[in-house]
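The structure appears below as structure tokens.
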2 protein chains.
Amino acid sequence: MSTSATPRERLLDAAGELFYRDGVNIGVDALCKAAGVSKKSMYQLFRSKDELIAESLASRGPAYQTLLQPGAEDDRSPRERILTVFERQDELVASGNYLGCPYVGTAVELKNPEHPGSVVARHFKQQLTDFFHRELVKAGAEDPSTVAIQLTMIFDGASARAVVRAQPLGGIGAATASALMNAAGVHAGEFALS
Amino acid sequence: MSTSATPRERLLDAAGELFYRDGVNIGVDALCKAAGVSKKSMYQLFRSKDELIAESLASRGPAYQTLLQPGAEDDRSPRERILTVFERQDELVASGNYLGCPYVGTAVELKNPEHPGSVVARHFKQQLTDFFHRELVKAGAEDPSTVAIQLTMIFDGASARAVVRAQPLGGIGAATASALMNAAGVHAGEFALS
DNA sequence: GAAAACGGAAACCGATCGGTTTACTGTGTG
DNA sequence: CACACAGTAAACCGATCGGTTTCCGTTTTC
């Protein structure tokens with residue numbers, strides 16, 4: 001399984017998994033061993049462990065985004081597309097071994113907002129907010145900027161709940177997002193100017 | 001300042017601060033040095049570092065609760081009492097050096113829901129939800145159990161936002177809680193049966 | 001086929017990890 | 001006075017930390 005990809009890919013994959021599962025304090029030795037890569041190679045591919053943290057987070061961004069957000073070919077209503085994010089989060093939690101949003105979790109562990117990993121986390125969260133914002137504009141929401149932020153907060157709040165409770169969410173995220181969108185004038189099946 | 005309290009109190013104080021500021025991976029040596037307590041004393045006061053993590057979290061619970069929740073003497077409406085929590089969170093973030101809810105943060109770092117520290121975190125979060133629930137019942141909310149959970153999620157979502165953005169929240173938590181309570185039939189100045 | 005680059009295994013560095021132990025200094029208490 | 005107790009300082013333990021270096025085999029490149 002491992003020797004097929006390049007050392008860089010193997011490292012990014014192993015780092016993404018182990019930093020998430022064990023936290024950013026896992027040792028470089030364990031990381032390299034899991035990736036089947038020597039420390040020498042690692043340190044000539046990445047300047048430091050901190051850079052590897054940031055790069056592994058960034059490299060998993062697109063896949064994580066695809067996992068949560070419906071694609072452009074999904075032509076359901078903006079409201080349903082937004083709720084899809086929360087339903088997929090629900091499934092992710094229910095599938096077990098969910099340890100919270102990797103980006104928020106890493107930012108929490110790093111403590112330092114200027115750490116390159118924290119910068120990546122900030123960027124990813126903004127992308128999620130941007131997705132919500134696009135859909136809310138399509139739905140003709142009154143204040144899409146505020147509601148997009150609120151939906152992101154609900155997403156992270158549901159994530160926090162899943163972590164501290166270590167139990168399935170039971171649809172509470174989608175229910176909350178739904179209630180909030182109702183309050184913001186985004187109703188079922190509604191499109192702007194239609 | 002430090003030698004006045006007992007070694008146990010000094011340790012719990014230093015642990016509460018350093019585990020929050022630097023994460024639970026801070027070393028026992030640094031902890032004892034900050035507390036002015038020898039490692040020998042520490043290890044005969046606490047079975048292990050893990051136990052110290054849990055005990056320090058638990059010992060700060062009441063103060064943190066008092067910091068966020070209005071006291072019983074505050075006779076404003078349940079809705080206003082609930083919003084007070086989010087306003088105080090806002091102030092906490094604005095005052096700087098906010099690194100997220102200590103309980104959620106520790107649970108995230110520990111990764112293990114059976115860790116004694118995670119158990120304390122779960123208990124504290126339940127207490128916050130219980131506070132919301134009591135106020136919602138007083139206000140005659142339709143589904144107080146669900147809304148109490150949703151408010152807790154908004155609290156933790158706002159906390160996550162503060163961490164990843166490293167900026168003031170600007171009242172977004174209270175605004176979201178407000179919108180959600182409106183949707184749940186909890187309006188300004190409203191008391192049940194009055 | 002020679003040379004250069006790639007990359008893994010492992011030793012090595014000083015520092016720190018969680019935890020134990022020894023030695024010593026107070027501070028009462030009989 | 002003697003004794004026990006509480007507590008600090010510091011050495012000590014094996015393991016691991018992030019990071020560097022040496023060695024050597026394999027692959028690519030001309």
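We name chains A, B, ... by the order of the sequence lines, and we start the count at 1 in each one.
Listed by chain and number, the hydrophobic cluster partners of Leu31(A) are Leu11(A), Leu12(A), Leu18(A), Phe19(A), Val24(A), Ile26(A), Val28(A), Val37(A), Met42(A), Tyr43(A), Leu45(A), Phe46(A), Leu52(A), Ile53(A), Leu110(A), where partners are ILVMFWY side chains within reach of under 4.5 Å, directly or through others.
In this structure Phe155(A) satisfies the ring-ring contact (aromatic ring centres under 6.0 Å, His included) test with no other residue, sequence neighbours excluded. Not a single ring-ring contact (aromatic ring centres under 6.0 Å, His included) links Phe131(B) to another residue, sequence neighbours left out. By the side-chain contact (heavy atoms from CB on, under 4.5 Å) test, Gln126(B) pairs with Arg165(A), Thr129(B), Asp130(B), sequence neighbours left out.
Legend: side-chain hydrogen bond (donor to acceptor under 3.5 Å, both in side chains) pairs involving residues 112-123 of chain A, not counting sequence neighbours, sorted by first then second residue: Asp50(A)-His115(A). Applying the salt bridge (charged side-chain N to carboxylate O under 4.0 Å, His left out) definition to pairs two or more places apart or across chains, none involves residues 82-94 of chain A.
Non-hydrogen atoms lying under 4.0 Å from DNA chain C are contributed by Val37(A), Ser38(A), Lys40(A), Ser41(A), all within residues 37-55 of chain A.
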Under 3.5 Å, side-chain donor or acceptor atoms of residues 173-180 of chain A against the rest of the protein: list the pairs with distances, not counting sequence neighbours.
| from | atom 1 | to | atom 2 | distance (Å) |
| --- | --- | --- | --- | --- |
| Thr176(A) | OG1 | Ile172(A) | O | 2.6 |
| Thr176(A) | OG1 | Gln150(B) | NE2 | 3.0 |
| Ser178(A) | OG | Arg79(A) | NH1 | 3.2 |
| Ser178(A) | OG | Arg79(A) | NH2 | 3.3 |

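Heavy atoms of other residues, nucleotides or ligands lying less than 6.0 angstrom from CD of Glu142(B) number 12 at most.
Note on Arg10(A): a side-chain N or O is less than 4.0 Å away from OP1 or OP2 of dG8(C).
Of all nucleotides in DNA chain D having an atom under 4.0 Å from a heavy atom of chain B, the first and last in 5' to 3' order are dG7(D) to dA9(D).
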